[in-house]
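Worksheet: the structure to be examined is printed underneath.
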Amino acid sequence: MKNLILLVLILNTLPFISSANENLPEPPSGIIKLSPYPAPAIELLDIDGQEFNLSETKKHWVFVHFWASWCGPCRKEMPAIQKMWNKLGKEGLKIALVNTAEDEDTVFNFLAIHAPDIRALMDKDGQITEKWKPRGLPATYLVDPNGQVRYQALGGRAWETKTYLDFLRHLLKQK
Amino acid sequence: MNSLQFYFLLFALPILVNISPLHAATKYKAQYNDEKIKLTLLSRSPEQIAAFYEGRGFSKKMINKLKQQCFITVGLHNKSSQILWLDLSNWYFTNHNGEIRRLNRKYWKSVWKTMNIPLAHQSTFRWTLLPEVLDFRTNEFEDGNIILPASNQPFTLRAQFATKADKSGKAINIQLNNIQCVHE
């Protein structure tokens, strides 16, 4: 009897999970909607030596971004991320800005110019980046409040523009 | 200047311009461009390669190894409305002597391991390479290097791209001739 009740409960829950998927907005140009999968772990120190653990950001959407200072499109995109962050950081978006395999001096000097208000996470040997298997650098993923990867951006995006801000705000309303 | 000298200069000038260093630097760019795909190959000089990797803090022994190779920066833009598959196992480089074997990621992993290269530099190096396989989405652009053994001979690339998500679409075949490495 207990098993039957459990089965009924599970079956009743399924449509809600399914409709939650369907309610996610269609992304703007250059962002792919993915079949959800669990976000690979990110446990890194930031440039100031503070620990960051992606699993502690659950209940929030997380903007996970991989970059390197030598990558031209990364340099171009970073100011847009800073401008987006200035707005949406206050509205509940979390960010994991992961530098791929560079040293502190390089990252400090780069971010001082391009994104002074965002703490970079130091993937010093590049192994966390490898686990996420980005298509290239820069790479951005949007992770939902349940820790599922939902969207992936293709290359650099104009995150500071209305189209992308509206899309991200729409996500922030989805819990 | 008499008229003979004038006409000599008139005809000689384009020839002189054509052998200028600037032109020499650009003649190793090969490109295919149509309504579906743009593929660009740009050969890099050993100096360019050394400068880039020195800037990333790579060791001298690593740079010396890289400078001995033929670096080609590839840019690929999917201009079509369907998925385009980059798969480097479907790229064939040939010259007068036959097939040229590309130095792939597996090769470099083994080289760097033998040379005890730090993981960070191995990682950065890998990110500068063109992906081995990638499903290019509509309007996606990616670039990266491919590396061949250095050679003085011009070579040909024959590349095949599968199309559609399940690769069931009509394949696109591209041939680029007379590609050359840049030497010191």
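Letters go in sequence order (proteins before strands), and every chain restarts at 1. The figures here come from the full heavy-atom set of this structure, side chains too, leaving out hydrogens, waters and symmetry mates. Since this is a predicted model, take the numbers as computed values, not measurements.
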### Aromatic ring proximity, centroids under 6.0 angstrom, B:W85 and B:F161
no

### Query
Is it the side chain or the backbone of B:D143 that comes within 4.5 Å of chain A heavy atoms, both, or neither?
neither

### Message
Heavy-atom cut-off 4.5 Å, strictly under: side chain, backbone, both or neither for B:F136 against chain A?
### Response
backbone

### Co-membership, hydrophobic cluster, residues A:V149 and A:L137, 4.5 Å side-chain
yes

### Query
When A:Y151 is tested against each of A:F63, A:Y141, A:F167, A:Y164 for ring pair (Phe, Tyr, Trp, His ring centres under 6.0 Å), which residue passes?
A:F167

### Task
Please look at B:R56 and chain A and tell me whether the side chain, the backbone, both or neither of the residue comes under 4.5 angstrom of a heavy atom of that chain.
side chain

## Note on the structure
Bottom line for A:P73: the part with an atom under 4.5 Å from chain B's heavy atoms is neither

#### Entry: Residue part contacting chain A, namely of B:F52, when any heavy atom lies under 4.5 Å
side chain

### Query
Can you tell me how far the CH2 atom of A:W85 sits from the CG atom of A:L97, to the nearest 0.5 Å?
10.0 Å

### Task
Over all heavy atoms of both residues, which pair between B:C70 and B:P149 is shortest? Give the atoms and the distance, please.
CB-O, 3.9 Å

